[in-house]
Amino acid sequence: METVVVVLGVVAFVVLAWRVGLLVNRFKHRRFVRAWQPLVGIIDGVVHEDPQGGGASSYLAGSWKGRTIHARMSPHVRSWEWQHHENRFGVGVANVAGRTSWMTTGDARQGERGLGVKSDDHALEERLHAAGVVERLRCIQCHSVHFESFSGYLFLEDTVEPLWAPPPERFVALLDAAVELARIHDQVNSGSAQGR
């Protein structure tokens with residue numbers, strides 16, 4: 001009998017914790033919806049809850065210049081230095097084909113030192129450099145860009161302070177830059193004969 005009571009207690013606790021988690025997630029999602037409002041109309045977007053739960057981030061899905069866009073806001077993320085938190089914001093271009101993942105290194109906001117492209121394919125690194133990826137990142141003064149071949153997303157990432165999302169003008173600039181970087185990527189990493 002004692003085991004049955006313990007099992008019932010554990011089940012009741014798990015159900016209660018799950019319900020509390022849902023309530024907290026809904027509350028956080030409402031805050032995200034309010035933060036997205038100035039940007040929703042720009043891409044005719046729809047706000048989505050964090051797909052991994054917990055209310056740590058939120059997505060805005062829409063389209064810009066014929067490309068599917070998934071913008072992401074992740075407030076209060078611990079920075080690389082671990083001393084402070086930052087509000088990260090990303091603009092992702094979906095359905096980007098490519099056989100090799102790549103990313104930029106360094107930080108375009110910190111000047112030219114150390115800014116580059118890293119990939120397992122060194123020829124791709126050279127093609128991306130020659131196509132102007134680093135210069136485009138410097139112009140937009142963004143944190144980084146990376147392409148994930150397994151997901152088909154090219155993400156342009158930035159930090160925004162003190163708000164959770166950039167102002168509309170900056171959002172448009174990030175959208176334009178992300179679409180342009182996806183266009184460059186399509187030319188040099190599409191997997192076609194000319195991209196190899």
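All of these numbers come straight from a predicted model, not from anything done at the bench.
Between E125 and H122 the shortest side-chain heavy-atom distance falls below 4.5 Å. With a 4.5 Å cut-off on side-chain heavy atoms, W102 and L154 count as touching.
Scanning all heavy atoms of the two residues, the minimum distance from P166 to L39 falls at O-CD2, 3.7 Å. Nearest heavy atoms, Q141 versus R138: NE2-O, 2.7 Å. What you find for I42 and P168 is that their closest heavy atoms are CD1-CB, 3.8 Å. Here the closest heavy-atom approach between residue T105 and residue K118 is recorded as CG2-CB, 3.7 Å. The two residues M73 and A165 make their nearest non-hydrogen contact at CE-CB, 3.7 Å.
Counting only distance, with no hydrogens or angles, the side chain of R67 and the backbone of V93 share no donor-acceptor pair below 3.5 Å. Remark: side-chain polar atoms of T104 are paired, donor with acceptor, to backbone N or O of V145 under 3.5 angstrom. N87 contributes a side-chain N or O that, together with a main-chain N or O of L163, makes up a donor-acceptor pair within less than 3.5 Å.
Here CG of D44 is found 13.0 Å from CD1 of I69. Values are rounded to the nearest 0.5 Å. From H185, atom NE2 reaches atom CZ of R127 across 10.5 Å, with rounding to the nearest 0.5 Å. Here CG of D158 is found 8.5 Å from OG of S144. Values are rounded to the nearest 0.5 Å. Taken from CG in D120 to OG1 in T100, the straight-line distance is 7.5 Å, to the nearest 0.5 Å.
Relative orientation of the F89 and F171 rings is perpendicular, given thresholds of 30° and 60° on the angle between their planes.
When the side-chain contact (heavy atoms from CB on, under 4.5 Å) test is applied to H146, the partners found at least two apart in sequence or on another chain are M103, E148, F155, E157. Not counting sequence neighbours, E2 has no partner by the side-chain contact (heavy atoms from CB on, under 4.5 Å) test. A search for side-chain contact (heavy atoms from CB on, under 4.5 Å) contacts involving S101 returns S149, not counting sequence neighbours. Not counting sequence neighbours, the partners of V47 by the side-chain contact (heavy atoms from CB on, under 4.5 Å) test are H29, V33, W36, V40, S58, L60.
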Practice item. Show the numbers, then the answer: is there a side chain to side chain contact (heavy atoms under 4.5 Å, CB included) between R170 and I140? Key: CA-CA 9 Å; R170 176 69 174 164; I140 194 68; 3.8 Å; yes
Please list every donor-acceptor pair under 3.5 Å in which a side-chain atom of residues 172-183 meets a protein atom from a residue at least two apart or in another chain.
unit_1	atom_1	unit_2	atom_2	d
D176	OD1	W64	NE1	2.9
D176	OD1	K65	NZ	2.9
E180	OE1	R183	NE	3.1
E180	OE2	R183	NE	3.4
E180	OE2	R183	NH2	2.5

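Residues V133 and Y153 are members of separate hydrophobic clusters, defined by side-chain heavy-atom contacts under 4.5 angstrom among Ile, Leu, Val, Met, Phe, Trp and Tyr.
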